[in-house]
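Per chain, numbering begins at 1; letters A, B, ... match sequence-line order. Note that the coordinates shown come from a computational prediction; the quantities given were computed from them, not determined experimentally. Quick note: numbers below take in every heavy atom, side chains included, and nothing from hydrogens, waters or symmetry partners.
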Protein chains: 2
Amino acid sequence: MSEVYKALADPTRRHILEMLRTSEMSAGQIAEQVHVSKPTLSGHLNVLKAAELVDVTRHGTTLIYRLNTSVLEEAIFALMSAFKIGAPTEQADIKGAAHAAKE
Amino acid sequence: MSEVYKALADPTRRHILEMLRTSEMSAGQIAEQVHVSKPTLSGHLNVLKAAELVDVTRHGTTLIYRLNTSVLEEAIFALMSAFKIGAPTEQADIKGAAHAAKE
DNA sequence: TATTTATTTCGCTATTTCACAAAATAACAA
DNA sequence: TTGTTATTTTGTGAAATAGCGAAATAAATA
């Protein structure tokens, strides 16, 4: 579980996770949008894989990464329960959170 | 915002935050339960303060730390929103109403 | 003013993290 | 087998992080 927090601590990794939310992607496709060297990207993907935040399957020479939503959900709800924070009840909360997420 | 994730990445700091959930505490009281040296603890408290996860007020010679729940809530809801992970309550209702339940 | 208590800052070491270029590996096609 | 593409592993260096003991600071009290 602690590995999940560490994985989320890096902005590049959070960006990758957000990209994978829409659809699964190969490492090469990710590399087109994340401007770090391939070795660096590979390292980030390994951290995400170790935290089980992403799953990988090979298709020929390409590796397909996809978001493991359940692990992310578990982490978020673990945080919520650890601090006894309830679900938001107003749309304003959701908008506020969406705005904060872009920073 | 990124500072919040980094602050949460360390298990000692998460422990401190959980302690502060119940009630505010002085640095000395925190030190009794967190077994690191005082300089190390002071460093952790500074990280939490920089992320605005805690507020500090001085009472005489002692510094009182208390959890800034709103910043923690914002971080959690930012995560939920970024990954479209819905709370199983009103948030789902709002989304469902807004998008006419399609996906 | 001098002392005591609570906490921080300073100075240092060890470990981890992030980044890159170059070399290596995996799968496939010719 | 040789070559091509996709991706990772290796090696290295710079910067950040966590840890500690010793010294410094802030506030209260004698």
Side-chain angles (χ1 to χ4, degrees), chain A residues 1-20 22-68 71 75 103, chain B residues 1-20 22-68 71-72 75:
Chain A
M1 169 58 74
S2 189
E3 289 184 304
V4 174
Y5 292 110
K6 270 191 242 171
L8 289 172
D10 183 87
T12 298
R13 287 193 290 265
R14 290 198 302 276
H15 183 213
I16 294 170
L17 291 176
E18 290 185 35
M19 287 165 57
L20 292 177
T22 310
S23 74
E24 64 185 28
M25 298 175 80
S26 68
Q29 287 176 311
I30 296 171
E32 288 171 18
Q33 297 183 46
V34 175
H35 295 105
V36 296
S37 71
K38 280 158 194 250
T40 300
L41 175 59
S42 187
H44 282 308
L45 292 173
N46 269 332
V47 171
L48 294 174
K49 193 166 54 181
E52 293 185 277
L53 283 166
V54 299
D55 294 322
V56 199
T57 52
R58 182 179 278 280
H59 281 245
T61 57
T62 78
L63 291 181
I64 305 294
Y65 287 85
R66 71 171 188 285
L67 189 63
N68 187 343
V71 169
E103 302 175 15
Chain B
M1 169 55 74
S2 190
E3 289 184 305
V4 173
Y5 292 110
K6 271 191 238 169
L8 288 172
D10 183 89
T12 299
R13 287 193 291 265
R14 289 198 304 276
H15 183 212
I16 293 170
L17 290 176
E18 290 185 35
M19 288 165 57
L20 292 178
T22 310
S23 74
E24 62 185 29
M25 299 175 81
S26 68
Q29 288 176 310
I30 297 172
E32 289 170 16
Q33 298 185 44
V34 175
H35 296 105
V36 297
S37 71
K38 281 158 193 252
T40 299
L41 174 59
S42 186
H44 282 309
L45 291 173
N46 270 333
V47 172
L48 293 174
K49 194 165 55 179
E52 294 185 276
L53 282 166
V54 298
D55 294 323
V56 199
T57 52
R58 181 179 279 279
H59 282 243
T61 57
T62 77
L63 291 182
I64 305 295
Y65 287 85
R66 72 171 186 287
L67 189 63
N68 186 345
V71 169
L72 200 50

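- Looking at heavy atoms from C-beta onward, B:Val56 lies out of side-chain contact with B:Arg58 at the 4.5 angstrom threshold.
- Both A:His59 and A:Val47 lie close to DNA chain C; mapped to their nearest nucleotides by heavy-atom distance, the more 5′-ward contact belongs to A:Val47.
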Every protein N/O within reach of nucleotides 6-12 of chain C N/O, cut-off under 3.5 Å:
unit_1: C:dT7; atom_1: OP1; unit_2: B:Ala27; atom_2: N; d: 3.3
unit_1: C:dT7; atom_1: OP1; unit_2: B:Leu63; atom_2: N; d: 3.4
unit_1: C:dT7; atom_1: OP2; unit_2: B:Gly28; atom_2: N; d: 2.7
unit_1: C:dT8; atom_1: OP1; unit_2: B:Tyr65; atom_2: OH; d: 2.5
unit_1: C:dT8; atom_1: OP2; unit_2: B:Ser42; atom_2: OG; d: 3.2
unit_1: C:dT8; atom_1: O5'; unit_2: B:Ser42; atom_2: OG; d: 3.2
unit_1: C:dT9; atom_1: OP2; unit_2: B:Asn46; atom_2: ND2; d: 3.3

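- Between C:dA19 and A:His44, a contact under 4.0 Å exists linking OP1 or OP2 to a side-chain N or O.
- Taking every heavy atom of both residues into account, B:Ala27 and B:Tyr65 meet most closely at CB-CE1, 4.0 Å.
- Residues from residues 30-37 of chain A placing a heavy atom under 4.0 Å of any atom in DNA chain D do not occur.
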Identify each donor-acceptor pair in which a side-chain atom of residues 36-50 of chain A lies under 3.5 Å from a protein atom, sequence neighbours left out, and give them as a table.
unit_1: A:Ser37; atom_1: OG; unit_2: A:Thr40; atom_2: N; d: 3.3
unit_1: A:Ser37; atom_1: OG; unit_2: A:Thr40; atom_2: OG1; d: 2.9
unit_1: A:His44; atom_1: ND1; unit_2: A:Arg13; atom_2: NH1; d: 3.1
unit_1: A:Asn46; atom_1: OD1; unit_2: A:Lys49; atom_2: NZ; d: 3.3

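- At whole-Å resolution of the value, CG in B:Asp10 and P in C:dT15 are 17 Å apart.
- Looking at heavy atoms from C-beta onward, A:Leu53 lies out of side-chain contact with A:Leu20 at the 4.5 angstrom threshold.
- The 12-atom threshold is not exceeded at CD of B:Glu52, counting heavy atoms of other residues, nucleotides or ligands nearer than 6.0 Å.
- Atoms NZ (B:Lys6) and P (C:dT17) sit 13 Å apart, rounded to a whole Å.
- Evaluation of the side-chain contact (heavy atoms from CB on, under 4.5 Å) rule for B:Gln33 yields B:Met19, B:Met25 as partners, not counting sequence neighbours.
- Listed by chain and number, the residues in a side chain to side chain donor-acceptor pair (under 3.5 Å) with A:Ser2 are B:Arg14 (sequence neighbours excluded).
- For B:Asp55, there are no side chain to side chain donor-acceptor pair (under 3.5 Å) partners two or more places apart in sequence or in a different chain.
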